[in-house]
Amino acid sequence: MEVRLLDLSRQYRGIAEEVRAAVDAVFGDCAFILGRRVAEFEAAVAAYCGVKYAVGVASGTDALLLSLRALGVEHGEEVITTPYTFFATAGAVWNAGGRPVFVDIDPATFNLDPGRIEDAVTERTKVILPVHLFGQVADMDPIREIAERRGLRILEDAAQAIGARYHGRRAGRFGDLTGFSFFPSKNLGAAGDGGMVVTDDEDLAAAVRALRAHGGRDRYVHEVVGYNSRLDALQAAVLSVKLPHLDEWSEGRRRHAALYDEAFRGMEEVTPPPVPPGHVPIYNQYVIRCRDRDGFKAFLADRGVGTAIYYPRPLHLQECFRGLGYREGDFPEAERAAAETLSLPVYAELTEAEQNHVIESIRAFYAGRAG
Ligand SMILES: Cc1ncc(COP(=O)(O)O)c(C=O)c1O
């Protein structure tokens, strides 16, 4: 049996007619750039997150970049973030003109460890950039407390976490600004690249809106140099079809996660991802820690089970950031996570038989090793 890590065609089959009609409608009036469809989707995301403003941009990476620019990060000002995330988190800081300052993760949640943030704050620190990794919100109460006390801004990297809840509120409610990604593999995925910035701050929303269109607030009048980074009307049309299904798809992922949790209970070789009280994750990835990760991954591949390593090399050890002066051993928890974790298939349309095959294969690997 083949079980892919993600099969987007199954989701598409369920909504194909609606998606095609939405795409046809865009071609009906050929309004491709911004306009009504983008504005309607922005309003729908703002309402979904419970915030006042949403600005559609070209990708999740740009959502972060434009947010950092809107916050005025420049000239090597410091942005505290995690080394255990997708590259774009720190790449956006760099491209905005800031300096990423890494802080190790909490080994239980894989998210920024609030207890270590304060030691990294200097007079050049401007922003804290927590990532809601794998679809679980970072521990935002202590992070907000530090930011308020030290006069710092917060940008949430919620690229993987649209709809994830923390003490009853959805991602997007905990920072000055929040960036979402609609990369196709996200819980709310476009038919290509797309992203969104949400905020309750009218001025920041206006700044991002200007930055996505070359920095001009009025046509042909530019106070700052911006980008061409708009969400396409075609993507907004597709995403508007998908948004009403998002919660049901995330609920499907939570059901699969609960079955895995149950199956791995008592297995000492596999640690399921813990969910602290007050959190409702969306499981953009279901990531376990496991013994002999690489042998285990190869064994699963032989049995037709697709898995992935998110992320094999922490960002402080990337060649491009060598100039920041970090070394191996600086962030032991991030390095350990990079060596021990594996992402299993968890998408909503996964069948019971497929999930059972994954679970049985995992049991077989460790049973074989014990014997
Ligand atoms: C944590 C994180 N940040 C940023 C991004 C960047 O998003 P995009 O691929 O839409 O540019 C991604 C996703 O790819 C991500 O997972």
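For clarity, every value in this text was computed on a predicted model and none was experimentally measured. Below, all heavy atoms of this structure are taken into account, side chains as well, without hydrogens, waters or symmetry copies. Counting starts at 1 for both ligands and their atoms, following the listed order.
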Ring centroid separation Y84 to Y310 under 6.0 Å: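 Y84 vs Y310: aromatic centres not under 6.0 Å.
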Aromatic contact, F87 with F321 (centres under 6.0 Å): yes
Output the list of atoms in ligand 1 that are nearer than 4.0 Å to some heavy atom of [X], sorted by atom number.
X: V131; answer: 1 (C)
X: F86; answer: 2 (C), 5 (C), 12 (C), 13 (C), 14 (O), 15 (C), 16 (O)
X: G60; answer: 6 (C), 7 (O), 8 (P), 10 (O), 11 (O)
X: T85; answer: 1 (C)

Steps toward side chain to side chain donor-acceptor pair (under 3.5 Å) verdict (D62, S229): CA-CA 7 Å; D62 280 4; S229 181; 2.6 Å; yes
Per-residue contact class, D157 against ligand 1 - non-hydrogen pairs under 4.0 Å: side chain
Which residue and non-hydrogen atom of the protein lie closest to [atom], and at what distance in Å?
atom: atom 16 (O) of ligand 1; result: Q160 NE2, 2.8 Å
atom: atom 11 (O) of ligand 1; result: T61 OG1, 2.5 Å
atom: atom 15 (C) of ligand 1; result: A159 CB, 3.5 Å
atom: atom 9 (O) of ligand 1; result: F183 CD1, 3.8 Å
atom: atom 13 (C) of ligand 1; result: K186 NZ, 2.8 Å

Plane angle bin for Y286 and Y283 - parallel if under 30°, tilted between 30 and 60°, otherwise perpendicular: tilted
R293 side chain vs T341 backbone, donor-acceptor pair below 3.5 Å: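 Looks like yes, one N/O pair under 3.5 Å.
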Qualifying residues under salt bridge (Lys or Arg N to Asp or Glu O under 4.0 Å), relative to R336, sequence neighbours excluded: E333, E340
Which residues share a side chain to side chain donor-acceptor pair (under 3.5 Å) with R254, sequence neighbours left out: E251
